[in-house]
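Quick notes on the structure that follows.
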Amino acid sequence: MDLILNRMDYLQVGVTSQKTMKLIPASRHRATQKVVIGDHDGVVMCFGMKKGEAAAVFKTLPGPKIARLELGGVINTPQEKIFIAAASEIRGFTKRGKQFLSFETNLTESIKAMHISGSDLFLSASYIYNHYCDCKDQHYYLSGDKINDVICLPVERLSRITPVLACQDRVLRVLQGSDVMYAVEVPGPPTVLALHNGNGGNQDFIFHKSTMCFNIGDSGEDLLFGTSDGKLALIQITTSKPVRKWEIQNEKKRGGILCIDSFDIVGDGVKDLLVGRDDGMVEVYSFDNANEPVLRFDQMLSESVTSIQGGCVGKDSYDEIVVSTYSGWVTGLTTEPIHKESGPGEELKINQEMQNKISSLRNELEHLQYKVLQERENYQQSSQSSKAKSAVPSFGINDKFTLNKDDASYSLILEVQTAIDNVLIQSDVPIDLLDVDKNSAVVSFSSCDSESNDNFLLATYRCQADTTRLELKIRSIEGQYGTLQAYVTPRIQPKTCQVRQYHIKPLSLHQRTHFIDHDRKGEGVFKSDNISTISILKDVLSKEATKRKINLNISYEINEVSVKHTLKLIHPKLEYQLLLAKKVQLIDALKELQIHEGNTNFLIPEYHCILEEADHLQEEYKKQPAHLERLYGMITDLFIDKFKFKGTNVKTKVPLLLEILDSYDQNALISFFDAA
């Protein structure tokens, strides 16, 4: 069956963090539920729908930014109590809004992630994990890298407490008390954890309508995780080792995963997987007969999805997916049809209701426009007074700077709670700005004086009126490290700007490995297939040691076979780029021949293919500017570095190397490296 969902925008609160919206369980099946959400203003709001309008159940006063919101309660009872994490404090509210808990954890850092299980409270700041039971400290762990999320396998089903930390260094750390039981390396930095089916794998019998058979679920050890580079996977956390079940690659190059939920939105008796991404994509995965996930539905929203829940909010008996976005919108994707079959009288009534609603919204909009105009005039008048005080308006920025392994580039994502006017990008190291299909901003470049002030790039992106999210793609050069700065100016008055800095590392296109020999002390051994990598490390370590007056002894051992191996690794990429460039150069000539001759019957099949794929080839070539030059640069560096370790300067032979590359042949290139 096709899954058709219709969008309904309910209301907007302040800027929201990841996992700060929940649906309170209903008293009966498929009855409407209340939504509770916390924002950066520190306000917790609970609302339900009445006659098509959002009606507040309760709303707290502003306070510190709310970083997480979870539901809890006595195990094996409805989870109706609301817990929020703000700064270093945990507060608890009933579903009516009465506060029953205020617990100051005395953590030195603000709480970033939280999980509730009965009387057990699991918290993590940036690097610190704490476990409390009845608000009493139980266990503590200091992580070697940033903790993005924390969860605990269901205690009521496993009779053991097994917390799991999602860490930025691409590792899930499974804890036992204050110690790491084992660590699981995952394919990307994990950003969110969730129990499969909401309970770690359904123990009950599950009836599959499609296959007319019964399946028994898992034992409560199944854990879902999503990564910042958009991968989704299921893993079983046993007492001895992890069991990997399935993994979904991010082949469509969508955003990182921020939230996951399990809910039967398709209506076949099996819970589906709901996924929210930081590029605004909402996805629904169903499970086939082999329990493998299959994409059933996707819809793009205009901003990142911070929370996702399945339930029933708008109307009884109509299931929906409820999401919250970065700027605070609470939106439903509902199974309720927009157009219903009705008689003439009912149709007239619906039309009248719609007209009344439109009229009410128009009046409200006119009132708001008038109020804004009045306030602007008051501000202009007060600013001319000698006693006037100017206040810089504050605004939130949600940013992410991540490495894409597949094409060796970085994604810089900037999201603002209001419309963006322009973004200025400045870099003190050479970088390339690549085209992004989703990006509709107009870019302009300014000339830079790199010799006198180390300013290699100055570019301005002018955004359209309703743009709140901008995605940029950059490519750096390994060995050249420095700082990239983004100056973000939104469409607010008076004009103001925020600066964000991103460090470009010496080995910017490398990622961490987890196979380390801990027996060595005071010593580091670096291995690479590429001599240039070792050369960069040697130069950077020597420079930093000199700067800090540290005595450093460096020895190296070069394997001649590694050079040929690296050239063979580069070969398919270089061959592809050379062929692409050659095809693009032929397009204009072939088109001219086509116009002159009137047909292309006389052309060989290869040239026919180039003409047919001309648009695709030119688009691909445009997306990868200077890619061929980068590959030439890598091979040139490899050539220079090979002989640098032997104490020989071969820079005078570089022009000859470039000639060989222009008429590229792999064997000729390898022979040149050997002969030199």
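FYI, side chains are in, hydrogens and waters are out, and symmetry mates aren't considered; it's all heavy atoms of this structure. Index from 1, following the sequence.
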Taking only residues two or more places apart in sequence or in another chain, which ones pass ring-ring contact (aromatic ring centres under 6.0 Å, His included) with Tyr140?
none
Considering residues at least two apart in sequence or located in another chain, which fulfil the side-chain contact (heavy atoms from CB on, under 4.5 Å) criterion with Ser508?
Tyr410, Ser476, Glu478, Ile504
OG1 of Thr402 to OH of Tyr502, rounded to nearest 0.5 Å, is 11.0 Å
Which residues pass the side-chain contact (heavy atoms from CB on, under 4.5 Å) test with Glu471, sequence neighbours left out?
Ser411, Ile413, Val436, Lys438, Arg469
To the nearest 0.5 Å, tell me how far Gln485 CD sits from Ile425 CD1.
10.0 Å
With sequence neighbours excluded, what pairs up with Asp120 under the side-chain contact (heavy atoms from CB on, under 4.5 Å) test?
Phe122, His131, Cys133, Ile161
Those residues that, when tested against Arg462, pass salt bridge (Lys or Arg N to Asp or Glu O under 4.0 Å) (two or more places apart):
none
Which residues satisfy the side-chain contact (heavy atoms from CB on, under 4.5 Å) test with Glu247, sequence neighbours excluded?
Pro187, Lys231, Ala233, Gln249
I'd like to check the salt bridge (Lys or Arg N to Asp or Glu O under 4.0 Å) partners of Lys371; sequence neighbours left out, ordered by chain and number.
none
Residues in side-chain hydrogen bond (donor to acceptor under 3.5 Å, both in side chains) contact with Glu415, at least two apart in sequence or another chain:
Ser304, Asn398
Name each donor-acceptor pair under 3.5 Å that joins a side chain in residues 92-117 to protein atoms two or more places apart or in another chain, with its distance.
from	atom 1	to	atom 2	distance (Å)
Thr94	OG1	Arg96	N	3.3
Thr94	OG1	Gly97	N	3.4
Thr94	OG1	Lys98	N	3.1
Lys95	NZ	Glu80	OE2	3.4
Gln99	NE2	Leu101	O	3.3
Ser102	OG	Glu89	OE2	2.5
Glu104	OE2	Ser88	OG	2.5
Glu104	OE2	Asn106	N	3.3
Thr105	OG1	Ser88	O	2.5
Thr105	OG1	Leu107	N	3.4
Glu109	OE1	Ser126	N	3.3

Quick test of your reading: applying ring pair (Phe, Tyr, Trp, His ring centres under 6.0 Å), list the pairs with at least one residue in residues 165-195, sequence neighbours left out, ordered by first then second residue.
none
Taking only residues two or more places apart in sequence, or in another chain, which ones meet Asp169 in a salt bridge (Lys or Arg N to Asp or Glu O under 4.0 Å)?
Arg173
Is a salt bridge present between Lys400 and Asp229, judged by a nitrogen-to-oxygen distance below 4.0 Å?
no
The salt bridge (Lys or Arg N to Asp or Glu O under 4.0 Å) partners of Lys473 (sequence neighbours excluded) come to Asp407
